[in-house]
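For ligands, and for the atoms within them, numbers begin at 1 and follow the listed sequence.
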Amino acid sequence: MTDCLFCKIIAGEIPSEKVYEDDDILAFKDIAPKGPVHILFIPKKHYATLNDIPEADLPLISKIHGIVQKIAKETGVDQTGYRTLVNTNKNSGQIVFHVHWHLIGGKKLGPMA
Ligand code: 5GP
Ligand code: ZN
């Protein structure tokens with residue numbers, strides 16, 4: 001999608017600190033980290049929100065969570081703990097409309113809002 005920030009990151013038009021990449025998924029550091037570890041995981045295919053992933057593509061979510069497991073281990077937060085979340089639409093505070101999973105850890109996190 002031409003006017004999407006994360007599609008531009010996938011295309012390399014906007015720089016990012018990549019931590020993982022394969023044919024379907026990219027993971028990169030959040031530009032405004034909420035903890036010592038804050039990584040975003042995105043499908044390379046554009047879906048605006050979690051609502052927009054069709055049933056046929058749901059296995060992609062399993063694949064993303066598999067990569068979350070791997071990166072949590074590699075960044076050393078798998079045992080200390082971390083939070084994985086997906087914001088969807090206005091009430092969640094979603095600001096980038098290319099679906100993404102946050103992985104936040106490396107410190108004690110506050111309660112969820
Ligand atoms: P949302 O609120 O949509 O779930 O979160 C979007 C996230 O994208 C925010 O945590 C924000 O810091 C991050 N972000 C916004 N613009 C950029 C950018 O240009 N590069 C990177 N690496 N992260 C970004
Ligand atoms: Zn996009």
- prompt: Has E17 got any heavy atom lying under 4.0 angstrom from an atom of ligand 1?
  reply: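 Contact absent.
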Counting only nitrogen or oxygen atoms and a 3.5 angstrom limit, does [X] reach ligand 1?
X: S16; answer: no
X: H102; answer: yes
X: I9; answer: no

Does the side chain of [Y] come within less than 4.5 Å of [X]'s, by heavy atoms?
X: L50; Y: T88; value: yes
X: I71; Y: F41; value: yes
X: I95; Y: N87; value: no

Closest non-hydrogen protein atom to [atom], residue and atom name please, with distance?
atom: atom 16 (N) of ligand 1; result: L5 CD2, 3.3 Å
atom: atom 3 (O) of ligand 1; result: I95 N, 2.7 Å
atom: atom 2 (O) of ligand 1; result: G93 O, 3.1 Å
atom: atom 12 (O) of ligand 1; result: D30 OD1, 2.5 Å
atom: atom 1 (P) of ligand 1; result: H100 NE2, 3.1 Å

Provide the number and element of each atom of ligand 1 under 4.0 Å from a heavy atom of [X].
X: Q94; answer: 2 (O), 3 (O)
X: F28; answer: 21 (C), 22 (N)
X: A32; answer: 12 (O)
X: F6; answer: 8 (O)
X: N87; answer: 1 (P), 2 (O), 4 (O)

task: Kindly give the atom name of the N, O or S atom of H46 closest to the Zn ion (ligand 2).
output: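 For H46, the N, O or S atom at the smallest distance from the Zn ion (ligand 2) is ND1.
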query: In H98, which N, O or S atom comes closest to the Zn ion (ligand 2)?
result: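 The atom in question is ND1.
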- request: Evaluate whether atom CD of Q69 has more than 12 neighbouring non-hydrogen atoms of other residues, nucleotides or ligands under 6.0 angstrom away.
  value: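 No, because the 6.0 Å sphere around CD of Q69 holds 12 heavy atoms or fewer from other groups.
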Which value, rounded to the nearest 0.5 Å, describes the distance between [X] atom [atom1] and [Y] atom [atom2]?
X: Y47; Y: L60; atom1: OH; atom2: CG; value: 5.5 Å
X: H98; Y: L26; atom1: NE2; atom2: CG; value: 8.5 Å
X: H46; Y: D52; atom1: NE2; atom2: CG; value: 7.5 Å
X: H100; Y: I9; atom1: NE2; atom2: CD1; value: 10.5 Å
X: D30; Y: I104; atom1: CG; atom2: CD1; value: 7.5 Å

field: Parallel, tilted or perpendicular, as decided by the 30° and 60° cut-offs, for the rings of H102 and H38
entry: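 Ring orientation, 0 to 90° scale: tilted.
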message: Testing the basics here: between K107 and G35, what is the closest heavy-atom pair and its distance to 0.1 Å?
response: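 Looking at all heavy atoms of both residues, the shortest contact is CE-CA, 4.2 Å.
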- prompt: Is E13 reaching over with its side chain to a backbone N or O of K8, donor-acceptor style, under 3.5 angstrom?
  reply: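 Flag not set: sc E13 to bb K8 has no pair under 3.5 Å.
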- request: Going by heavy-atom distance to atom 8 (O) of ligand 1, choose the closest among L85, I31, L40.
  value: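 That would be L40.
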message: Heavy-atom pairs closer than 4.0 Å: do any link ligand 1 to the side chain of V86, the backbone, both, or neither?
response: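 No part of V86 comes within reach of ligand 1.
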- request: Just let me know how K29 lines up against ligand 1, side chain, backbone, both or neither, with a heavy-atom cut-off below 4.0 Å.
  value: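 For K29, only backbone atoms sit under 4.0 Å from ligand 1.
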